[in-house]
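Every chain is numbered from 1, with letters handed out A, B, ... down the list of sequences. Everything quoted here is computed from the prediction, not taken from an experiment.
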Protein chains: 2
Amino acid sequence: MNISDVAERTGLPVKTVRYYEEIGLITPARAANGYRHFSDTDLHSLAFIGRARSLGFGVEACRSLLRLYDDPARASADVRRLAQTHLEEIDRKIAELEQMRATLSHLVAACAGNDRPDCPILADLAAMSPSARG
Amino acid sequence: MNISDVAERTGLPVKTVRYYEEIGLITPARAANGYRHFSDTDLHSLAFIGRARSLGFGVEACRSLLRLYDDPARASADVRRLAQTHLEEIDRKIAELEQMRATLSHLVAACAGNDRPDCPILADLAAMSPSARG
DNA sequence: ATAAAGGCTCCGGTTACTGGAAGGTCAAGA
DNA sequence: TCTTGACCTTCCAGTAACCGGAGCCTTTAT
C-alpha cells in the first residue's frame, strides 16, 4: 500500500503518517522508486496510534503503548499505569477549563453586550491584585 | 521599575514579560543603560494580560481585549462577542476531554493491572475499524 | 506525448513561551 | 579600588504535533 491508501484507511493525514515515520513510530519499507510501502502491520500500528491519539495520549505515550503491545511478556499493570496517569492529566485539564468556564460565563452573563463602553468583563480583567497595586 | 519588579508584582516570569514586549503587547521605555523601564501603565497592562491569559484567552485575543480596554468609544458588545467565542471554545474542549475521560476511565476500570499481559486497554487500541480492516 | 495525480525531501511556520549562552551594568563589601 | 554577585541585555534553540508549500520525480491515463 502507498501512503495515501493508509492515510485513507486510518483517517490520518498523509503528512502525519510521514511524521510518524520520521519520529520512528513506524518504519515502512521503501520501493525501488523511493515510495513508502506499508505492510498490514504498519497499517495496524498507525490505526493503533490514531486511536491512542484520539484518547489524548501524547506521541511518546503512544510509543510506550506500542512497545507494550508488541511485548508478549508485558504486565497489564504497566499499561494501566500509563492510562491512569493520562487520565489524571485529563482530569486536571478539565478542572482548569471548568474553572475558566465558571468565571467567564459569569462575566459574559453580566455584560450587556450593547454599544455602550461599560463592560464587567474588561472591569474584571483590569482589576489589579493587591500585590500588583503595591 | 525594572523587569524583575514587574515580574514579581504581576506574577509573570521575566522571560514572559520580555516576550510580551517582543510581540508588541507592551512597549516599555528604556533607560540609558538599555534596561527596560516599566511605567504603572505597563504594569497594569501586564496584569491585565496575565488575568486574561489565566482565563484561557490567547495572546491575540489579549491584544484585542487590551485595544478595547484602551478605546473609550468601545461597545461592550465587542468585548462580549470575544468572550462568548472563547467560552464556546472552552466548552468544545471540555466536551472533548469528557469524552476521552469516559472512554479512558472505562478502560482503566476494566484493566486488572497485574503482571499478566491481558489488557482491555491495549485490546481497545488495537481494535481496527472496518475502514482500516478493508 | 502530455497532463494529472501522486510521491519524495526539505524548509518554514504554528502557540506561548522556556532555557541557556555570552556579555554588559550596578551596588555593596573588603 | 577591586571584586563578587545579582541584575540586565540580546540571540539562539527547543518544546508538541503537526501543516503548508516549494521544487522535483514517477506513475497512470488519455
Side-chain angles (χ1 to χ4, degrees), chain A residues 1-38 42-43 45-46 48-66 85-86 89-90 92-93 96-97 100, chain B residues 1-38 42 45-66 85-86 89-90 92-93 96-97 100:
Chain A
M1 297 166 69
N2 279 347
I3 197 166
S4 61
D5 299 320
V6 296
E8 189 175 348
R9 293 171 72 155
T10 59
L12 296 170
V14 166
K15 282 276 192 183
T16 300
V17 175
R18 291 205 190 96
Y19 173 68
Y20 288 163
E21 180 193 19
E22 187 187 327
I23 64 174
L25 285 183
I26 53 170
T27 312
R30 292 292 179 134
N33 58 13
Y35 285 20
R36 288 170 185 82
H37 179 72
F38 296 83
D42 294 324
L43 178 69
S45 294
L46 286 169
F48 182 102
I49 297 163
R51 172 81 175 135
R53 291 285 299 121
S54 80
L55 289 180
F57 286 100
V59 290
E60 288 315 314
C62 290
R63 193 190 305 275
S64 302
L65 288 167
L66 216 40
T85 299
H86 178 45
E89 182 62 27
I90 286 177
R92 263 191 297 279
K93 284 184 184 166
E96 191 185 349
L97 287 168
M100 289 177 185
Chain B
M1 297 165 70
N2 279 347
I3 197 165
S4 61
D5 300 320
V6 298
E8 189 175 348
R9 294 171 70 155
T10 59
L12 296 170
V14 166
K15 283 276 193 185
T16 300
V17 175
R18 290 205 191 96
Y19 173 68
Y20 288 163
E21 181 193 20
E22 187 187 326
I23 63 174
L25 285 183
I26 53 170
T27 312
R30 293 292 178 132
N33 58 12
Y35 286 20
R36 289 170 183 82
H37 179 72
F38 296 85
D42 294 324
S45 294
L46 286 169
F48 182 102
I49 296 164
R51 172 79 175 136
R53 291 286 298 121
S54 80
L55 290 178
F57 286 100
V59 290
E60 289 314 314
C62 289
R63 193 191 303 277
S64 302
L65 288 167
L66 215 41
T85 299
H86 179 45
E89 181 63 27
I90 286 176
R92 261 190 298 279
K93 284 184 185 166
E96 191 185 349
L97 288 169
M100 289 177 185

### Task
Can you tell me the distance, in whole Å, between the CD1 atom of I49(B) and the P atom of dA16(C)?
12 Å

### Message
Starting the side chain at C-beta, find the nucleotide from dC18(D), dG7(C), dG20(C) nearest to R53(A).
### Response
dC18(D)

#### Entry: For atom NZ of K15(A) and atom P of dG21(D), their distance in whole Å
9 Å

#### Entry: Phosphate-side-chain proximity, T16(A) and dC19(D), N/O vs OP1/OP2 below 4.0 Å
yes

### Message
On a heavy-atom basis, which atom in I3(B) and which in V6(B) lie closest, and how many Å separate them?
### Response
O-CG2, 3.1 Å

### Task
Return the value, rounded to whole Å, for the distance between atom OH of Y19(B) and atom C1' of dT9(D).
19 Å

### Message
Need to verify one output field. Residue with the more 5' nearest nucleotide on DNA chain C, G58(B) or N33(B)?
### Response
G58(B)

### Message
Looking at R92(A) and E89(A), is any side-chain nitrogen of the basic one under 4.0 Å from a carboxylate oxygen of the acidic one?
### Response
yes

### Query
Does OP1 or OP2 of dC7(D) have a side-chain N or O of R36(B) closer than 4.0 Å?
no

### Summary
Of dT9(D), dG6(C), dG21(D), the nucleotide closest to the side chain of S4(A) is dG6(C)

#### Entry: Nearest listed nucleotide, side chain of V59(B), among dC18(D), dA16(C), dC8(C)
dA16(C)

#### Entry: side chain to side chain contact (heavy atoms under 4.5 Å, CB included) partner of V17(B), chosen from L46(B), D42(B), L25(B)
L46(B)

### Query
Choosing from dG7(C), dT10(D), dC18(D), which nucleotide comes nearest the side chain of Y20(A)?
dC18(D)

### Task
Send over the distance from L25(B) CG to dT15(C) P, rounded to a whole Å.
13 Å

### Query
Checking all strands, does I3(A) fall into the base, sugar-phosphate, or nothing category for heavy-atom contacts under 4.0 angstrom?
sugar-phosphate

### Query
L12(B) has an atom CG; how far is it from atom P of dC17(C), in whole Å?
8 Å

### Query
Salt bridge or not for E60(A) and R63(A), using N-O below 4.0 Å?
yes

### Message
Rounded to whole Å, please give me the gap between CD in E8(A) and P in dA5(C).
### Response
16 Å

### Task
Report which part of the nucleic acid R18(B) touches: base, sugar-phosphate, or nothing (heavy-atom distance under 4.0 Å, all strands).
base

### Query
What integer distance in Å separates D5(B):CG from dA6(D):P?
16 Å

### Message
Please pick, from dG6(C), dG24(C), dC11(D), the nucleotide with the shortest atom-to-atom distance to any side-chain atom of Y35(A).
### Response
dG6(C)

### Message
Less than 4.0 angstrom between a side-chain N/O of R30(B) and OP1 or OP2 of dT10(D), yes or no?
### Response
yes

### Query
Within this structure, what is the CE-to-P distance between M1(A) and dT27(D), rounded to whole angstrom?
19 Å

### Which nucleotide in dC8(D), dC8(C), dG19(C) has an atom nearest any side-chain atom of N2(B)
dC8(D)

### Query
Which pair of heavy atoms, one from N2(A) and one from R36(A), lies closest together, and at what distance?
OD1-O, 3.6 Å

